Chemist: 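Have a look at this one before I ask anything.
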Amino acid sequence: MGNIDMTYLFTSAEGRISRQQWWIGIGILIAIWLISTILLGRDGLIPFMIGILIWLAGIMLHIKRCHDRGKSGWWCLLLLIPVVGFIWAVIDLGILPGSAGNNEYGSDPLDTA
């Protein structure tokens, strides 16, 4: 898999990422949220701003993963549906493989050639 460019992973909606990169990104965001909650609590301006940044970074992850599945980033709107959105994300983004080869969103992230 090689090195992961964290800036690209969390700030760009362009391109594609593999399932492994998606799960690593989700794990990093959960760890940041847990650490910030333990250190700063859940109330106040700073935890709110950190929460917004984590939310935006998560959306970027989901959009790139949708692109890998050959879908528009607009599919991420399913996350707004309670329970169904979570189940969709785990199955479609976290379990099912991406489209093989190049697609309209970029080259295959698993292509080593």
Side-chain angles (χ1 to χ4, degrees):
M1 183 183 93
N3 294 332
I4 298 175
D5 180 2
M6 294 298 169
T7 304
Y8 166 75
L9 196 62
F10 296 122
T11 62
S12 172
E14 302 294 322
R16 299 167 60 177
I17 58 172
S18 67
R19 285 177 287 183
Q20 182 180 24
Q21 291 169 319
W22 185 78
W23 281 111
I24 289 170
I26 294 296
I28 290 170
L29 293 178
I30 290 172
I32 291 170
W33 177 78
L34 284 172
I35 291 168
S36 70
T37 300
I38 290 168
L39 295 176
L40 302 170
R42 297 178 71 191
D43 296 326
L45 181 61
I46 294 175
F48 176 74
M49 296 303 290
I50 291 171
I52 294 292
L53 293 174
I54 290 171
W55 179 76
L56 289 171
I59 294 297
M60 297 301 117
L61 278 174
H62 297 328
I63 289 171
K64 284 192 288 288
R65 186 65 191 131
C66 283
H67 288 172
D68 190 46
R69 298 269 302 129
K71 298 176 179 180
S72 166
W74 289 104
W75 278 83
C76 291
L77 290 175
L78 288 174
L79 293 167
L80 297 174
I81 304 171
V83 181
V84 172
F86 175 78
I87 293 169
W88 166 79
V90 169
I91 293 171
D92 196 33
L93 304 180
I95 296 174
L96 297 176
S99 58
N102 297 342
N103 68 17
E104 64 183 293
Y105 301 104
S107 59
D108 189 342
L110 298 179
D111 188 11
T112 58

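Values in this document were obtained by computation on a predicted structure and should not be read as measured data.
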Chemist: Considering only heavy atoms from C-beta outward, does the side chain of Leu29 approach that of Phe10 to under 4.5 Å?
Modeler: yes
Chemist: Test of understanding: clusters of I, L, V, M, F, W, Y form through side-chain heavy atoms closer than 4.5 Å, transitively. Do Leu77 and Ile59 belong to the same one?
Modeler: no
Chemist: Return the NZ to SG distance between Lys71 and Cys76, rounded to the nearest 0.5 Å.
Modeler: 10.0 Å
Chemist: Examine distances only and state if a side-chain atom of Trp22 and a backbone atom of Ile17 form a donor-acceptor pair shorter than 3.5 Å.
Modeler: no
Chemist: Please check if Met60 and Ile52 belong to a single hydrophobic cluster, counting links between Ile, Leu, Val, Met, Phe, Trp and Tyr side chain heavy atoms closer than 4.5 Å.
Modeler: yes
Chemist: Is the side chain of Ser12 donor-acceptor paired with the backbone N or O of Tyr8 at a distance under 3.5 Å, no angle test?
Modeler: no
Chemist: Let me know which of Val90, Leu93, Leu61 forms a side-chain contact (heavy atoms from CB on, under 4.5 Å) with Ile26.
Modeler: Leu61
Chemist: Surrounding CD1 of Ile81 (heavy atoms of other residues, nucleotides or ligands, distance under 6.0 Å), is the total greater than 12?
Modeler: yes
Chemist: Do the side chain of Asn103 and the main chain of His67 share a donor and acceptor less than 3.5 angstrom apart?
Modeler: yes
Chemist: In terms of hydrophobic clustering (I, L, V, M, F, W, Y; side-chain heavy atoms under 4.5 Å; direct or indirect links), are Leu56 and Ile54 co-clustered?
Modeler: no
Chemist: Restricting to non-hydrogen atoms, name the atom on Gly70 and the atom on Tyr105 that form the minimum distance, rounded to 0.1 Å.
Modeler: C-CE1, 4.0 Å
Chemist: Keeping the roles fixed (side chain from Arg16, backbone from Ser99), state whether a donor-acceptor pair exists under 3.5 Å.
Modeler: yes
Chemist: Just wondering, are more than 12 heavy atoms of other shown residues or ligands nearer than 6.0 Å to CE in Met49?
Modeler: no
Chemist: Please give me the minimum heavy-atom distance between Arg19 and Leu96, naming the atom from each residue.
Modeler: CD-O, 3.4 Å
Chemist: Membership question, hydrophobic clusters at under 4.5 Å side-chain separation (ILVMFWY): are Ile35 and Ile50 in the same one?
Modeler: yes
Chemist: Tell me the closest heavy-atom pair linking Ser72 and Cys66, and the distance in Å.
Modeler: O-CB, 3.7 Å
Chemist: What's the separation between atom CG in Asp43 and atom OG1 in Thr37, rounded to the nearest 0.5 Å?
Modeler: 10.5 Å
Chemist: With a 4.5 Å cut-off on side-chain heavy-atom distances among I, L, V, M, F, W and Y, is there a chain of contacts connecting Leu39 to Ile46?
Modeler: yes
Chemist: Can you tell me if Ser107 and Asp111 form a side-chain donor-acceptor pair at under 3.5 Å?
Modeler: no
Chemist: Under 6.0 Å from the CZ atom of Phe48, do we count more than 12 heavy atoms belonging to anything else shown?
Modeler: no
Chemist: Taking all heavy atoms of Leu79 and all of Ala89, pick out the closest pair and write down the distance.
Modeler: CD2-CB, 3.7 Å
Chemist: With a sphere of 6.0 Å drawn around CH2 of Trp75, does it hold more than 12 non-hydrogen atoms of other residues, nucleotides or ligands?
Modeler: no
Chemist: Rounded to the nearest 0.5 Å, how far apart are CD1 of Ile24 and CD of Gln21?
Modeler: 7.0 Å
Chemist: Could you give the distance from CZ (Arg42) to OG (Ser36), rounded to the nearest 0.5 Å?
Modeler: 10.0 Å
